[in-house]
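One structure is given below, encoded as structure tokens.
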2 protein chains.
Amino acid sequence: MPVTIKDVAKEAGVSPSTVSRVISNHPRISPQTTAKVKKIMDELGYHPNMLAKSLVMQKSKTLGIILPRPAEELFVNLFFSEFIRGIVAQASRIGYDLLMTSGVTQMDEADAITKLVKGKKVDGIIILTSRKKDPVIKLLQEMKFPFVVIGRSDEFENILSVDNDNIKAATDVTNYLISIGHKRIGFVSGPAHLIVSQDRLTGYTEALKAAQLETKPEWIVEGEFLQESGYLAMSSIMSLENRPSALIVTDDLVAYGVLRGLTELGYKVPEDISIISFNNITISELTNPPLNSVEIGIYQMGYTASQLLIRSIEDGVDSKRELIPHRIITRQSCAPLLEK
Amino acid sequence: MPVTIKDVAKEAGVSPSTVSRVISNHPRISPQTTAKVKKIMDELGYHPNMLAKSLVMQKSKTLGIILPRPAEELFVNLFFSEFIRGIVAQASRIGYDLLMTSGVTQMDEADAITKLVKGKKVDGIIILTSRKKDPVIKLLQEMKFPFVVIGRSDEFENILSVDNDNIKAATDVTNYLISIGHKRIGFVSGPAHLIVSQDRLTGYTEALKAAQLETKPEWIVEGEFLQESGYLAMSSIMSLENRPSALIVTDDLVAYGVLRGLTELGYKVPEDISIISFNNITISELTNPPLNSVEIGIYQMGYTASQLLIRSIEDGVDSKRELIPHRIITRQSCAPLLEK
DNA sequence: CCTCCCTATGAAACGGCTTTCATTTTTTTG
DNA sequence: CAAAAAAATGAAAGCCGTTTCATAGGGAGG
């Protein structure tokens, strides 16, 4: 027996319509009535039933997010919390909540989305990872449902997205290494099906080309977002006769593996080889030596995604790309390479 | 113009009631009608409006969770993702979603909860951290609303909770150190207002008492869940003339700070002092040396909390405490102490 | 062949809120 | 002071489902 708008109305001696108008600050309600109704609402501890409200308003004031499958979660895992904080902070501020769901099996991400969308549980959806030819993006695009992707789509131009300029970031990192004298630069990449991997690789390649430096396919290793990948990459890279003097690593956790591999092989960082990685998660300042990394503004990405999506829902903006600035954090894993 | 139950009814030449009954597998609907209606639903791409359904059923099939304030998030941060995965995995399996919200300012956690509860957006709530005399627990208890706390309450017995046996865990850890020969054991604790801190400290104290070993107040240092806390603790502890030969640390991140502090002061782990910590987050296997730690089953805690809460919602269980087993992970930060 | 009882389905109310349209009350204006 | 305009409020429909109660039709039993 929760207290409803009717109870308030009866108690205040007005009609439900009037109470409703008081709640929504309708202009044509007299100050006295407003005061009286508000008093009663307080006394009765009235809170509107959001389901009823949502049903009639045709919007739920809720954003949706699909939990990544464990496999892809690897990437998201370490900054998931920060992301979510950003999203929820901004959403709450504007009166939205965040609904999380996941497919029951690995396969039905699409089903989960359809259910959310058609079931009217959410007004918009945030996509955390963008894969090449991402079917989820296509689905939402077809349903014409508001959504924002963290990252970008390789198929659709006119969507909402929040991203780092990963190409630029990788270029910056590469140029940074070049600027301190490195000429042979390797790259430990992430899974090829993720767009972020692709972009970072592109930036790296372009920077090298622009500087007219050598690129060797064997200097580029692809792996997962696992430290093990970094560890494994080292044996192949370091056994090359003409090996890189610096390495760009796609993620700090992977870089940790790189560090571990190098230590085991008897190399010193940064004396023997310089390392710089991406994402600047907690780990990166805890390694030995502390890692140079690229801060990508995770909280801000979440925050911005939330904001953008809500604007899209309320004002119908449906095509905008926001780039969150990145920043190279200098620690102690890179050293200048002196001419020899 | 989403397709509603009426559209399906019209198209199938039956009444909305019949369609509704088909959806819920009502026994008294003829096979032919069922088949016909299902076919139409498919053709039209019908999905029930969950808001309407929730409104009439008086339940939303949604669990709620309040994002911890940044200050307390520190503790939760590093395993937040794992927690959430556990919660959502189990919830999704049983047809529930997870709704996340936060107070807009730091203060109104209680408001956020009230809104969720009275607004009928959720059927139950998961509380991630339990503080001493936690006002949030009291609030939910007063509202007689289903909730489960991760941890335990120091005020209420008859609630739903999922926890580690932290007292036992700390006792185990202490006994482990004792078993390898340590007699002077220190403790780097977490914030006193968290129940988990209190419990671990209790376990430690009890184990020492049971073994009739010395406890010195100056061997116990309280700090935040920050590596800085561990770092700072070292200067005071290591400057004692009669200092511990082993240290139990409340969290791996803090232990990392401890390690850093010790290295700077010129001590070697485990030769000079043994370290073991709690939580077993990613970091703990990456430190130098890799940390002995206590695995606390985070995913399983989330999973269990979800399950327990849903059972409570559906079957009215309202008092149950589930303990998730812990496990000491042996790595290389503890060494036996030989008699001298 | 008539009643009685199932079975399958439909009609209508309800859940709690918003909003249009109508109505009453008050104020303004000529 | 009457008429018109403005302000304040109420009645009722509608959002989209579920469920109770009623009813039509078919078969069993007498």
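Each chain gets a letter, A, B and so on, in the order the sequences are listed, and its residues count up from 1.
- As judged by a 4.0 angstrom heavy-atom cut-off over every strand, Met50(B) is placed among residues making no nucleic acid contact.
- In 5' to 3' order, the nucleotides of DNA chain C bounding all contacts with chain A (an atom under 4.0 Å from a heavy atom) are dG16(C) to dT20(C).
- Between Ala52(B) and Ser17(A), the residue anchored nearer the 5' end of DNA chain C, judged by the nucleotide with its closest heavy atom, is Ala52(B).
- Within the 4.0 angstrom heavy-atom criterion, only backbone atoms of the sugar-phosphate kind lie near Thr33(B); the bases stay farther away.
- Rounded to an integer number of Å, the gap from NZ of Lys53(A) to P of dC16(D) is 18 Å.
- When rounded to the nearest whole Å, the span between NE2 of His26(B) and P of dT19(D) equals 10 Å.
- To the nearest angstrom, P of dA8(D) lies 14 Å from CG of Asn25(A).
- Evaluation of the side chain to side chain donor-acceptor pair (under 3.5 Å) test over residues 146-158 of chain B, restricted to residues two or more places apart or in two chains, returns Arg152(B)-Asp199(B).
- The interatomic distance linking Lys36(A) (NZ) with dA8(D) (P) rounds to 14 Å, in whole Å.
- Under 3.5 Å, the side chains of Asp123(B) and Ser60(B) contain a donor-acceptor pair of N or O atoms.
- One interatomic measurement links the two molecules: CG of Leu55(B) to P of dG17(D), which rounds to 12 Å at whole-angstrom precision.
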Step-by-step salt bridge (charged side-chain N to carboxylate O under 4.0 Å, His left out) determination, Lys138(A) to Glu142(A): CA-CA 6 Å; Lys138(A) 181 176 256 166; Glu142(A) 277 167 4; 5.7 Å; no
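- Per the geometry, CD1 belonging to Ile5(B) stands 5 Å off P belonging to dT18(D), to the nearest Å.
- Among the atoms of the strands shown, only primed sugar atoms or phosphate atoms (P, OP1, OP2) are found under 4.0 Å from some heavy atom of Val14(A).
- The NZ atom of Lys120(A) sits 13.5 Å away from atom OG1 of Thr62(A), with the distance rounded to the nearest 0.5 Å.
- Projected onto DNA chain D by closest heavy-atom contact, Arg21(B) and His47(B) fall at different nucleotides, the more 5' of which corresponds to His47(B).
- For Pro48(B), counting side-chain heavy atoms from C-beta on, the closest listed nucleotide (dG10(D), dG17(D), dG14(D)) is dG17(D).
- With rounding to the nearest 0.5 Å, the separation of CE in Met143(A) from NZ in Lys118(A) is 7.0 Å.
- The distance from atom NZ of Lys61(B) to atom P of dG17(D) is 17 Å, rounded to the nearest whole Å.
- Side-chain polar atoms of Thr18(A) and Ser15(A) form a donor-acceptor pair below 3.5 angstrom.
- Axis deviation across the helix from dC1(C)-dG30(D) to dG30(C)-dC1(D) amounts to 50°, comparing end segments of five pairs, rounded to 10 degrees.
- How far CG of Leu55(A) is from OG of Ser54(B): 10.0 Å, rounded to the nearest 0.5 Å.
- Here the nucleotide nearest the side chain of Ser20(B), chosen from dA7(D), dG10(D), dT19(D), is dT19(D).
- Within the model, atoms OG1 of Thr34(B) and CD1 of Ile23(B) stand 11.5 Å from one another, a figure rounded to the nearest 0.5 Å.
- Looking only at side-chain heavy atoms (C-beta outward), Val37(A) and Ile29(A) stay at 4.5 Å or farther from each other.
- In this entry the distance linking CG of Asn49(B) with P of dG14(D) reads 18 Å, nearest Å.
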